[in-house]
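First the structure, in the form of structure tokens, and then the observations on it.
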Amino acid sequence: MAFVSGAGRSCWNPSAMSGCVAVFLILTISSWFGSTRAEVCSAFLDRQTGKLTLANGFRPDFVAWANFTDEIKQTGWSYLEVTTSGRYNDSLQAYAAGAVEAAVTSQLLYEHWMNTMVGYCGPFKYESGYCKRLKDYIIRNLQWMEQQMEQADDPEYWHQIRLALLQLRGLEDSYNDQVAFPSGQFSVNPFGFLLFQMGGDLEDLEAALNKSSLSRTLGSGSCSALIKLLPGNKELLVSHVTWNNYQSMLRIMKKYSFAFRKSPQAEDPIPGGTQAFSSYPGSIFSGDDFYILSSGLVAMETTIGNSNPALWKYVTPEGAVMEWLRNMVANRLARNGSHWAAVFSKFNSGTYNNQWMIVDYSRFTPGKTDEENLLTVLEQIPGLIVTEDKTKELLQKSYWASYNIPYFEKVFNASGCPALVQKYGDWFSFDKNPRAQIFQRNHSLVVDMDSMIRLMRYNNFEEDPLSRCQACDPPSNGENAISARSDLNPANGTYPFGALRQRPHGSTDMKVTSYAMFRDYKLLAASGPTWDQVPAFQWSKSPYSGLLHMGHPDLWAFPTVPVGWS
Ligand SMILES: *[C@@H]1O[C@H](CO)[C@@H](O)[C@H](O)[C@H]1NC(C)=O
Ligand SMILES: *[C@@H]1O[C@H](CO)[C@@H](O)[C@H](O)[C@H]1NC(C)=O
Ligand SMILES: *[C@@H]1O[C@H](CO)[C@@H](O)[C@H](O)[C@H]1NC(C)=O
Ligand SMILES: *[C@@H]1O[C@H](CO)[C@@H](O)[C@H](O)[C@H]1NC(C)=O
Ligand SMILES: *[C@@H]1O[C@H](CO)[C@@H](O)[C@H](O)[C@H]1NC(C)=O
Ligand SMILES: *[C@@H]1O[C@H](CO)[C@@H](O)[C@H](O)[C@H]1NC(C)=O
Ligand SMILES: *[C@@H]1O[C@H](CO)[C@@H](O)[C@H](O)[C@H]1NC(C)=O
């Protein structure tokens with residue numbers, strides 16, 4: 001693929017030093033001297049040619065503009081704001097948003113692709129049977145969605161799908177220095193930047209499409225989340241910790257302010273036009289997932305997966321919309337938690353199977369709070385989605401914890417969890433899982449923001465009895481904590497299943513917002529594996545120094561920082 005090789009990009013070609021591409025070169029030079037100034041790029045319609053054009057700096061006639069600040073060496077985060085103008089139609093805005101984002105983040109995009117995606121169904125592939133089935137699935141799925149967009153049933157829904165795909169197309173075109181707004185039909189490269197969006201969907205597609213070596217390790221956790229009412233209901237804190245492969249740690253905290261309408265004909269803006277979320281280079285959604293939305297909703301999830309092979313028959317390319325897209329559409333269109341669930345539940349792909357938690361801050365008042373509609377919980381597996389209002393349970397227990405095990409018994413049973421409990425024990429159960437017990441024991445120690453952050457970053461696996469695994473040698477296990485550190489498990493230990501082994505995997509961040517902060521899209525965030533009670537992760541001193549980690553800091557010892565916006 002053309003974009004895989006940096007050498008083909010015109011930013012290396014002095015004769016093509018125009019538009020925002022030149023900014024990239026300047027940034028490269030300035031980053032050699034350690035400065036972190038912002039990069040700004042605008043997309044506008046050229047008066048003479050009528051064509052969408054990119055230029056360095058802010059222009060008042062922007063269709064979209066981006067402001068990017070790279071502080072990865074200082075805080076582990078870079079920051080991106082993309083704003084579009086309602087003077088132009090939604091399609092042009094969406095494409096331009098993708099284009100300006102790629103222009104200011106192209107260096108990180110290249111590095112992140114190399115670190116995480118370059119070999120995936122790439123030129124030297126050895127899973128050629130699976131890759132062919134995957135490509136076929138993606139193409140048929142894109143074709144089916146194209147038909148739905150043309151049929152114009154449910155125009156609001158399909159308008160947002162189209163905008164998401166146009167944004168992706170703009171991102172890829174701009175990266176390849178081929179910005180040209182497609183006014184009619186357009187295609188999306190099946191193995192291009194679409195793969196960046198499909199990270200979660202792929203985990204399940206690999207199993208559904210019979211890949212022989214799966215990326216997902218048995219029992220491998222993917223995220224911890226906690227919603228906590230402080231004593232006297234005076235605050236409601238919402239926090240998420242990503243668990244991921246350490247090669248994924250090039251991070252961008254994003255804020256999108258898009259002036260999209262509910263349909264091409266409508267005047268009224270979508271409820272979720274402005275969103276702040278933790279993200280990655282080349283990802284136009286969160287992926288973690290953690291979102292603060294202008295609708296007043298905060299949405300997040302932890303992955304529950306599916307361990308029942310009989311359900312893979314529900315994963316089909318027709319009648320399904322991949323999870324990343326359903327997530328984006330629900331974030332944009334939903335006014336409240338049950339509405340979010342209704343939009344998200346359409347066209348269940350059965351991929352990226354998660355427990356979603358939707359907190360509606362408009363239902364929260366410090367000191368007192370509504371009895372319903374404050375917390376909606378949704379669980380998806382192939383062929384089944386269960387949603388319930390869980391406000392009462394949140395009020396009774398003062399917390400809701402999420403740790404990769406289905407809450408709804410129907411989902412737990414259908415997705416094959418009982419067999420895992422039978423085979424491996426309580427670790428796979430909803431109540432006795434190590435994190436279930438740690439949250440239960442420790443949540444009452446959370447009385448303010450600092451204690452919340454301490455719990456989310458907590459990993460004292462050498463000392464904490466709840467981190468022990470009886471069937472393991474040694475018994476203390478770095479996976480069994482709110483912020484996992486599987487790299488700290490000895491390579492020569494014995495472990496009953498894959499998740500408990502030594503792996504380059506664990507907590508890679510922490511995000512938290514509150515009633516006081518969400519309205520300004522503010523949050524507190526830490527980047528990199530936890531190092532509160534354990535040594536900080538350092539590539540050069542780890543067993544994983546040989547894994548590609550282009551653009552990463554060597555030592556991941558960053559504090560929690562406030563995230564605000566200009
Ligand atoms: C949006 O605006 C662009 C540029 O003016 C135009 O080419 C396009 O046809 C318009 N409508 C849609 C739906 O793309
Ligand atoms: C995967 O393997 C199962 C069991 O052999 C088979 O039933 C199913 O059709 C296969 N799926 C695909 C997409 O090849
Ligand atoms: C949620 O939003 C939907 C769509 O606007 C609306 O029909 C429904 O009444 C709302 N529900 C609540 C509980 O406000
Ligand atoms: C789940 O399975 C357990 C054990 O077989 C059974 O007791 C329970 O009724 C099932 N729950 C549901 C909702 O199917
Ligand atoms: C969690 O509880 C244990 C046992 O009481 C305690 O030692 C530890 O400090 C607590 N950690 C946090 C972050 O609350
Ligand atoms: C694993 O290796 C360490 C040293 O690297 C050694 O001290 C320990 O005894 C070994 N454990 C086992 C179970 O072999
Ligand atoms: C871009 O963002 C930085 C960091 O938030 C801010 O200091 C700067 O003013 C912004 N630039 C513009 C043009 O708004």
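All values reported here derive from a predicted model rather than from experimental measurement. Only this structure's heavy atoms are used, side chains among them; waters, hydrogens and symmetry mates stay out.
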Got a second to check how far Ile284's CD1 is from Ser279's OG, nearest 0.5 Å? 9.5 Å

Between Leu52 and Val63, is there a side-chain heavy-atom distance shorter than 4.5 Å? yes

Of all residues at least two apart in sequence or in a different chain, which pass the ring-ring contact (aromatic ring centres under 6.0 Å, His included) check with Tyr399? His443

Does Arg251 qualify as a cation-pi partner of Tyr280, given the criterion of NZ or CZ under 6.0 Å from the six-membered ring centre and within 45 degrees of its axis? yes

Between Ser42 (side chain only) and Gly57 (backbone N and O only), is there a donor and an acceptor less than 3.5 Å apart? yes

For a quick test of reading the model, state the closest non-hydrogen atom pair linking Gln247 to Leu547 and the distance between them. NE2-CB, 3.8 Å

Considering all heavy atoms, the nearest Gln380-Tyr352 contact: NE2-O, 3.6 Å

Nearest 0.5 Å, what's the CE-OG1 distance between Met198 and Thr351? 7.5 Å

Point-to-point distance, once rounded to the nearest 0.5 Å, from CE of Met253 to CG of Leu80: 12.0 Å

Determine, for Phe44 and Arg59, whether the Lys NZ or Arg CZ falls below 6.0 Å from the six-membered ring centre while staying within 45 degrees of the axis. yes

On the ring face of Trp243, is Arg435 found with NZ or CZ under 6.0 Å from the centre and within 45° of the axis? yes

Between Ser483 and Met456, is there a side-chain heavy-atom distance shorter than 4.5 Å? no

Scanning both residues in full, the closest heavy-atom pair of Val179 with Ala99 reads CG2-CB, 4.3 Å

Do Asn331 and Phe344 have side chains that get closer than 4.5 Å, going by heavy atoms? no

For Tyr246 and Asp487, what are the C-alpha separation, side-chain angles and deciding distance, and is it a side-chain hydrogen bond (donor to acceptor under 3.5 Å, both in side chains)? CA-CA 9 Å; Tyr246 291 168; Asp487 58 298; 2.6 Å; yes

Angle between ring planes, Trp539 versus His549, binned at 30° and 60°: parallel, tilted or perpendicular? parallel

Assess the residue pair Arg162 and Asp90 against the criterion (salt bridge (charged side-chain N to carboxylate O under 4.0 Å, His left out)); give the C-alpha distance rounded to whole Å, side-chain angles, the decisive distance to 0.1 Å, and a yes or no. CA-CA 10 Å; Arg162 194 182 144 81; Asp90 295 359; over 6 Å; no

Please work out whether the ring planes of Trp565 and Tyr79 are parallel, tilted or perpendicular, with thresholds of 30° and 60°. perpendicular

Is there a donor-acceptor pair under 3.5 Å between the side chain of Thr303 and the backbone N or O of Gly305? no

Evaluate the side-chain proximity of Ile292 to Gln275: yes if any heavy-atom separation is below 4.5 Å, no if none is. no

Has Asp360 got a side-chain atom pairing as donor or acceptor with Ser362's backbone, closer than 3.5 angstrom? yes

Which pair of non-hydrogen atoms, one from Ala164 and one from Leu325, has the smallest distance, and what is that distance? CB-CD2, 3.5 Å

Applying salt bridge (Lys or Arg N to Asp or Glu O under 4.0 Å), can you list everything that pairs with Glu301, at least two apart in sequence or on another chain? none

